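Bear in mind the structure is a predicted one, so any value in this text is a computation, not a measurement. Order of the sequence lines sets the chain letters (A, B, ...), proteins ahead of strands, with each chain counted from 1.
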Protein chains: 2
Amino acid sequence: MSLEHAILGFLRQQAMTGYDLKTLRFDHDAQHFWTADQAQIYRTLGHLENRGLVSSRVRRQRSRPDRKVYSITPPGVEELDRWAASPAPLPPLRDPFLIQLRFADHLPDDDLLHVLRERRQAMQQRLDSLRARAFEESRGSGRDSILHQLTLDAAIADARAGIDWLDNSLETLSALIEQERQTPGKQPRLFAPRTDERGSTS
Amino acid sequence: MSLEHAILGFLRQQAMTGYDLKTLRFDHDAQHFWTADQAQIYRTLGHLENRGLVSSRVRRQRSRPDRKVYSITPPGVEELDRWAASPAPLPPLRDPFLIQLRFADHLPDDDLLHVLRERRQAMQQRLDSLRARAFEESRGSGRDSILHQLTLDAAIADARAGIDWLDNSLETLSALIEQERQTPGKQPRLFAPRTDERGSTS
DNA sequence: CACTAGTATATGTCAAGACATATACTAGTG
DNA sequence: CACTAGTATATGTCTTGACATATACTAGTG
């Protein structure tokens with residue numbers, strides 16, 4: 001599981017509780033490449049502890065609920081290093097928006113363009129906030145800091161590519177719509193007009 | 001569910017069986033933006049039928065198993081159109097490779113570069129096959145065909161962005177490694193300096 | 001003749017993830 | 001004083017998706 005290894009990675013940097021992992025790490029540091037919900041983090045910590053890859057000790061607190069601080073164990077470090085050097089399969093592209101677009105040929109022109117523009121705006125917002133973060137977190141020349149910056153770069157590259165693609169698509173579709181308007185016999189031809197020589201259309 | 005709407009979309013184009021949806025559509029047409037396993041397709045068809053969005057009739061065959069041909073119903077068309085115009089939330093970037101990279105600071109230099117190069121090669125292969133498909137399927141100027149081509153463009157843009165990012169990362173990390181080699185001694189560390197925890201020094 | 005691949009549908013089971021809710025205490029705000 | 005937000009852990013449950021297996025018939029290959 002990826003989440004297991006993300007947790008091991010964070011715990012190797014510093015021992016902490018499930019609450020800290022959620023609020024400090026997954027909601028902030030890792031937010032641009034992996035998210036996890038609280039319930040899942042606690043359950044995964046349980047699994048990792050059962051397998052001996054992390055260990056925990058309870059810190060009693062008076063004015064707060066007790067904290068269960070998790071540390072990575074030597075087998076945990078081993079597992080993390082083993083996994084980090086192993087090839088991960090390319091995750092397939094899997095985007096509901098592309099399903100929408102693929103089957104949008106029955107949408108009114110305005111709706112079609114609107115959906116694309118909305119998507120572009122959302123992507124632009126994501127890009128802006130990623131860039132702001134990248135700027136804020138751009139100091140540090142150690143390896144750890146560089147790796148963090150590279151993950152931000154990946155998210156930025158992804159968003160930029162998405163926006164560029166949307167702009168091109170918007171242009172293509174606008175041109176198509178314009179062209180269809182100028183051709184009153186609006187029959188979308190899926191195949192080439194029937195002028196081929198072989199095989200008569202009986 | 002996205003899969004439900006993908007199925008509705010395909011069935012609007014043409015009535016077909018679960019088997020056809022799997023082998024002709026999801027394994028080919030939609031392969032670059034959505035995949036689905038056979039069991040899930042059959043079960044989803046069942047749900048859609050229960051909800052009246054598709055209907056089926058059995059075609060008896062002698063030398064083959066019977067075919068259960070599904071057609072989209074008017075409510076199904078309505079649902080598809082409604083969904084196509086509704087805004088889909090941006091799916092978060094979610095890539096196990098970025099977890100690997102983020103926590104790769106303990107990897108030997110060669111392993112680190114190797115992992116990135118392997119990734120680049122896999123991405124390049126994907127890009128090549130996507131480009132080949134885009135070339136083969138580039139005829140057709142109707143709206144349906146254009147929309148299909150746009151989905152291919154999206155996948156191509158994604159792969160290209162990934163490769164560019166990997167090239168930049170490879171360059172950045174090579175430079176960092178080179179620089180670290182020329183500066184022997186203490187490297188900048190974010191956390192406690194690494195001493196041998198073996199305790200008993202002999 | 002045994003084996004494999006293709007056509008076709010269906011169920012069982014498990015992991016990952018998302019969402020809701022329970023518990024329990026404190027501190028600050030209106 | 002009531003309410004809200006914050007700290008902290010935990011369980012219940014549902015959906016999506018992945019993988020395995022069952023059934024059943026035919027055609028081609030070694």
Side-chain angles (χ1 to χ4, degrees), chain A residues 1-8 15-28 30-31 33-51 54-70 88-96 99, chain B residues 1-7 11 15-28 30-31 33-51 54-70 88-96 99:
Chain A
M1 221 220 305
S2 293
L3 180 59
E4 284 182 358
H5 295 99
I7 288 176
L8 288 176
M16 61 180 79
T17 67
Y19 187 81
D20 292 337
L21 279 168
K22 170 63 176 159
T23 56
L24 304 178
R25 298 295 178 247
F26 288 98
D27 285 353
H28 293 99
Q31 188 233 134
F33 63 89
W34 203 270
T35 57
D37 126 314
Q38 175 258 94
Q40 217 184 327
I41 290 172
Y42 281 109
R43 271 194 266 248
T44 303
L45 282 168
H47 299 156
L48 288 170
E49 190 165 27
N50 288 340
R51 290 165 54 196
V54 304
S55 64
S56 67
R57 59 183 208 287
V58 175
R59 267 281 165 83
R60 224 136 272 150
Q61 295 192 124
R62 264 149 289 161
S63 60
R64 292 291 159 83
D66 293 347
R67 290 167 58 82
K68 204 166 164 184
V69 181
Y70 287 90
L90 268 193
L93 184 60
R94 204 140 210 287
D95 190 344
I99 302 180
Chain B
M1 220 221 304
S2 293
L3 180 59
E4 283 182 359
H5 295 99
I7 288 176
L11 291 184
M16 62 180 81
T17 67
Y19 187 82
D20 291 337
L21 280 168
K22 170 62 176 159
T23 56
L24 303 178
R25 298 294 177 247
F26 287 98
D27 284 354
H28 293 99
Q31 187 234 131
F33 63 89
W34 203 270
T35 56
D37 125 315
Q38 174 258 93
Q40 217 183 329
I41 290 172
Y42 281 108
R43 271 195 266 251
T44 303
L45 282 168
H47 300 155
L48 288 170
E49 190 164 26
N50 288 341
R51 290 165 55 197
V54 304
S55 63
S56 66
R57 59 180 207 290
V58 175
R59 265 282 163 82
R60 225 136 274 151
Q61 295 191 125
R62 264 150 289 160
S63 60
R64 292 290 159 84
D66 292 349
R67 289 167 59 82
K68 205 165 164 186
V69 181
Y70 287 90
L90 267 193
L93 184 60
R94 204 140 212 286
D95 190 345
I99 303 180

Review point. D37(B) CG to dA16(C) P: how many Å, rounded?
Key: 17 Å

Check your understanding: Atom CZ of R60(B) to atom P of dT26(D): distance rounded to whole Å?
Key -> 16 Å

Practice item. State whether D20(A) and R25(A) are salt-bridged, where the test is any N-O pair (Lys NZ or Arg NE/NH1/NH2 against Asp/Glu carboxylate O) under 4.0 Å. Key: no

Review point. Tell me: CD of E4(A) to C1' of dA16(C), nearest whole Å?
Key: 11 Å

Exercise for review: Sequence neighbours left out, what passes salt bridge (charged side-chain N to carboxylate O under 4.0 Å, His left out) with D37(A)? Give chain and number order.
Suggested key: none

Check your understanding: Does a nitrogen or oxygen in the side chain of R43(A) sit under 4.0 Å from OP1 or OP2 of dG12(D)?
Key -> no

Check your understanding: Within the structure, does a side-chain N or O atom of Q40(A) lie under 4.0 Å from either OP1 or OP2 of dG17(C)?
Key -> yes

Review point. Residues in side-chain contact (heavy atoms from CB on, under 4.5 Å) with A36(A), at least two apart?
Key: L3(A), F26(A), I41(A)

Point to revise | R94(B) CZ to dA16(C) C1', straight-line distance once rounded to whole Å | key: 9 Å

Practice item. Just jot down the salt bridge (charged side-chain N to carboxylate O under 4.0 Å, His left out) partners of K68(B), sequence neighbours excluded, or say none. Key: none

Point to revise | With sequence neighbours excluded, residues passing side-chain contact (heavy atoms from CB on, under 4.5 Å) with S55(B) | key: S71(B), T73(B)

**Study point:** Results of salt bridge (charged side-chain N to carboxylate O under 4.0 Å, His left out) for R60(A) - residues two or more places apart only
**Key:** D66(A)

Point to revise | Base-paired stems that DNA chain C participates in, counting runs of 3 or more Watson-Crick or G-U pairs under 3.5 Å | key: C:1-30 with D:1-30

Run the side-chain donor-acceptor check on residues 42-49 of chain A: report pairs under 3.5 Å with partners two or more places apart or on a different chain.
from: Y42(A); atom 1: OH; to: Y19(A); atom 2: N; distance (Å): 3.3
from: T44(A); atom 1: OG1; to: Q40(A); atom 2: O; distance (Å): 2.6
from: E49(A); atom 1: OE2; to: S56(A); atom 2: N; distance (Å): 3.3
from: E49(A); atom 1: OE2; to: S56(A); atom 2: OG; distance (Å): 2.6

Review point. NA contact type, R59(B), heavy-atom cut-off 4.0 Å: base, sugar-phosphate, or nothing?
Key: nothing

Practice item. State which residues pass ring-ring contact (aromatic ring centres under 6.0 Å, His included) with F33(B); sequence neighbours excluded, sorted by chain then number. Key: none

Practice item. Let me have a per-nucleotide readout for nucleotides 5-10 of chain C, 5' to 3', with B, S or -, counting only protein heavy atoms under 4.0 Å. Key: --BBBB

